[in-house]
Structure formats: structure tokens, C-alpha cells
2 protein chains.
Amino acid sequence: MAYHHGQLREAVLAAAVEVIETGGLGTLSLRDLARRAGVSHAAPAHHFGDRAGLLTALAAEGYRLLADALTAAGDDFREVGVAYVRFGVTHRAHFEVMFRPDLVRADDPELVEAQARASAILYGGAASIRADARTTGLAAWSLVHGFTTLWNAGMLPDDLGDVDAAARRIAATLFPDPHLSR
Amino acid sequence: MAYHHGQLREAVLAAAVEVIETGGLGTLSLRDLARRAGVSHAAPAHHFGDRAGLLTALAAEGYRLLADALTAAGDDFREVGVAYVRFGVTHRAHFEVMFRPDLVRADDPELVEAQARASAILYGGAASIRADARTTGLAAWSLVHGFTTLWNAGMLPDDLGDVDAAARRIAATLFPDPHLSR
DNA sequence: TTCCCATCTTGTCAATGGCTAGATGTGGGT
DNA sequence: ACCCACATCTAGCCATTGACAAGATGGGAA
């Protein structure tokens with residue numbers, strides 16, 4: 001093992017995702033991540049400062065991935081919502097950290113930029129719908145965010161089947177008319 | 001200070017609510033709660049077992065309070081939703097723990113009973129609406145739950161004003177017609 | 001009274017986050 | 001080619017925490 005890991009930052013972030021994904025945020029330990037990466041227990045601190053710094057980096061990465069996912073979803077507002085849900089359930093670790101301001105450094109420049117990009121896409125889609133775009137946009141965001149949260153928490157009935165299909169049904173409740181949502 | 005505190009369980013739960021409400025779940029420490037109650041560091045363990053036990057008791061209390069709040073909201077389904085949001089923002093500590101299965105003992109009998117009572121009220125209200133009661137109910141739950149979560153996380157614009165009014169506007173987006181929702 | 005048991009205390013241990021000082025490699029400037 | 005500044009990583013330390021074990025205390029029931 002070389003003295004310099006070389007990719008320690010990426011390795012630690014990847015390990016953090018895996019740990020959170022399997023054991024939850026409570027089982028996340030900086031020292032454990034260091035062990036997984038094969039470095040000393042204080043090595044991660046150089047890249048992230050402290051625990052909040054690590055989670056901040058994770059959240060920023062999450063917002064970037066979310067922005068990409070929403071962009072790729074196209075122009076149909078309902079499909080953007082479905083993409084939001086799909087992102088949340090396939091990136092549980094990122095998603096869990098992204099909306100926990102108590103765990104991250106909210107003023108981190110990298111975080112605020114990634115956050116701004118994702119927000120712009122999210123709000124931009126809502127601007128083209130109905131009369132009161134704002135209330136409608138907030139309702140849509142609340143709907144997909146709540147569904148994702150409840151799904152991830154395992155609070156929903158377990159016979160809903162595929163996430164995409166279930167999310168699409170939920171979204172259709174708020175936007176019954178497909179062609180209104182472009 | 002008497003050898004027996006007498007109300008230690010209640011005192012610890014109340015202190016936990018205060019700590020979580022001000023500093024978040026991350027600042028919660030069993031030893032700190034013991035200090036606040038004026039007992040030794042191991043005293044709470046007798047009542048709750050471990051950290052998960054304490055949070056389980058908190059969650060169960062939360063479900064009981066939620067069930068009461070929803071019942072008191074009356075028959076108008078939209079007002080039940082508003083009551084859900086109001087509960088979530090005025091009982092942040094309870095609300096935060098209630099939907100975190102990774103932090104609580106999901107099989108605790110006290111918890112499952114309280115949970116069942118709240119669920120019955122929640123789903124019962126949805127049964128009287130529209131054709132596909134289930135999808136509609138899930139959408140409504142997702143909507144109010146997501147709004148509450150985002151509100152508590154401080155992710156929403158800060159010029160929304162009163163929580164009740166904002167929640168009512170959001171709920172009206174999903175249920176535009178008042179008299180359909182009874 | 002006497003005994004059982006719920007309640008609480010004291011002591012201990014491993015694990016963790018964060019800090020400081022120092023070691024090690026790497027790349028740029030001259 | 002040399003040297004030095006800096007980024008990276010190590011080693012050691014400390015306070016705090018959660019969990020456990022053993023014992024002290026006191027109330028209530030037989």
C-alpha cells in the first residue's frame with residue numbers, strides 16, 4: 001500500500017454510500033471508512049474536515065446527480081416527478097443526506113451551487129403549468145418527495161409493485177391530464 | 001434528591017423532545033438526558049434498554065399524539081391533511097423519529113399498536129373519496145408528509161407565511177373541490 | 001417483619017470524533 | 001539537477017458516548 005492512496009476522497013465517498021445504503025446513517029463511522037480504504041483513522045479528515053464535511057460532500061454529489069436525472073427526464077412534468085422518485089430510491093444514501101441541513105454545512109459553496117442547479121430545474125418545470133405555478137410546483141415537489149421518503153422508510157404497503165409505476169399513478173392523481181403537463 | 005426519581009421515564013422523554021427540538025437528533029445523548037434529569041448515567045437504561053428503546057418510546061408517543069390530532073380535525077379530508085402538517089411542525093422531535101425504522105424497534109408492541117391506530121384514521125379518511133381510494137389516499141399522505149418534511153428541513157421558500165394557510169393551499173391543489181372531500 | 005423486585009448508582013470497556021505534531025511523497029521553480 | 005513548499009497521510013492522545021455488570025436502595029406484598 002503506497003503512502004499516498006491517490007483516490008482517497010472518491011474511495012471514502014463510495015464507501016460511505018455503501019455503508020449508509022446497507023446499514024443506515026447511524027452506522028456510518030469515519031474510522032470505519034478509513035479502515036475500508038486502508039488508510040489511517042485520521043486520513044479522511046484531511047479531505048473532509050469532519051463528519052459534517054463528509055456528509056456535505058455527499059449531499060453536493062447528490063444534488064448534481066439529481067439535476068442530471070431530472071434533466072434526462074425530458075419535458076413532461078409528470079415524468080420529471082417520476083424521475084425524482086426513482087432517483088430517491090436508487091440513491092438512498094445521497095437522498096437521505098440532501099435534506100438534512102442539521103448534518104451538513106449549509107453554506108458550503110460546492111453544496112449551494114449544486115443545490116441551486118437542481119432547484120432551478122425543479123422550479124423551472126413548474127413554471128409552465130396552470131395559473132399559480134408556485135403553489136402547484138410546491139405541491140408537486142411535496143408529493144414526489146413525500147412518496148419517496150415514505151417508500152424509503154418502508155411505510156408504504158408492500159404490494160405496490162414497481163416504483164416507477166406506483167409513482168406514475170401517484171403523479172397522475174395530481175396531474176390527471178397528460179398534455180397539460182408539458 | 002431522593003434515591004428514586006419517581007417520574008424518570010416521563011422526565012427523560014420530555015428532555016429528549018427538548019433536546020431534539022433544539023439541537024436535532026444528532027445532539028441527543030442518553031448521558032446528557034440523565035444529567036438533565038439529575039440521575040446517574042445508567043438510570044435511563046433501566047426504562048428504555050438502549051438508545052433504540054428510547055426512540056421507540058418517543059415514536060409510539062408520537063403516533064398516539066398524531067392519532068388524537070387527526071381525530072380532532074373532523075371529517076373534512078383536507079382539514080385532516082392540514083392537521084397532519086400542523087402536527088409534524090409542532091412536534092418535530094416526535095415526527096422525526098416516527099418515520100425512521102432504522103432507529104427504532106419496529107416490532108415493539110406499544111409502537112405497533114399506536115402506529116396501527118394512526119394508520120386506521122389516516123386510511124379511513126381516504127376510503128370515502130373518489131373511485132380509487134387507495135391511490136388517492138397514498139397521494140394525499142405523500143403530499144402532506146412531503147410538505148411537512150420539506151418545511152421542517154427548511155427547504156421551502158421562507159415567504160410562505162403561516163403553516164396552516166400554506167398547507168391548506170397545497171391540499172387544495174390535490175382536492176380542489178371542498179365538498180368532495182367529506 | 002421479611003423478602004422480592006423495581007429502581008437507581010458506581011465502575012468499567014471498547015468505539016468514536018476531533019485535535020496536534022510529525023512523517024512522507026510530489027511537483028514546481030530556479 | 002536541486003531544493004523547497006505543500007498536499008497527503010500517520011501516530012498518538014483526549015473527552016464523550018453507549019452498553020454492560022455488579023451492587024446499593026427502598027417500596028410494597030405476603
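Here the structure is a predicted model, which is why all the values come from computation and not from measurement. The sequence lines fix the lettering, A, B, ..., with proteins before strands; numbering per chain opens at 1.
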Quiz prompt | Residues touching DNA chain D, which here means a heavy atom under 4.0 Å, drawn from residues 18-31 of chain B | solution = B:Leu28, B:Ser29, B:Leu30, B:Arg31

Quiz item: For the helix from C:dT1-D:dA30 to C:dT30-D:dA1, what is the angle between the axes at its two ends, each from 5 pairs, rounded to 10°?
Solution: 10°

Quiz item: Under 6.0 Å from the CD atom of B:Glu10, do we count more than 12 heavy atoms belonging to anything else shown?
Solution: yes

Self-check item: B:Glu21 CD: over 12 foreign heavy atoms closer than 6.0 Å
Solution: yes

Can you check the [X] [atom1] to [N] [atom2] distance for me, whole Å?
X: A:His46; N: C:dG25; atom1: NE2; atom2: C1'; answer: 13 Å
X: B:His41; N: C:dT7; atom1: NE2; atom2: P; answer: 19 Å
X: A:Asp32; N: C:dA15; atom1: CG; atom2: P; answer: 12 Å
X: B:Arg51; N: D:dT17; atom1: CZ; atom2: C1'; answer: 10 Å

Self-check item: Geometric class of the A:Phe95/A:Tyr84 ring pair [parallel <30°, tilted 30-60°, perpendicular >60°]
Solution: perpendicular

Quiz item: For the residue pair A:Trp141 and A:His145, does the interplanar ring angle fall in the parallel (under 30°), tilted (30 to 60°) or perpendicular (over 60°) class?
Solution: perpendicular

Quiz prompt | A:His47 side chain near D:dC9 phosphate (N/O to OP1/OP2, under 4.0 Å) | solution = yes

Quiz item: Looking across every strand, which nucleic acid part, if any, lies under 4.0 Å from B:Arg9 by heavy atom: base, sugar-phosphate, or nothing?
Solution: nothing

Practice problem: Among C:dT10, D:dC9, C:dG18, find the nucleotide with the atom closest to the side chain of A:Asp50. | Solution: C:dG18

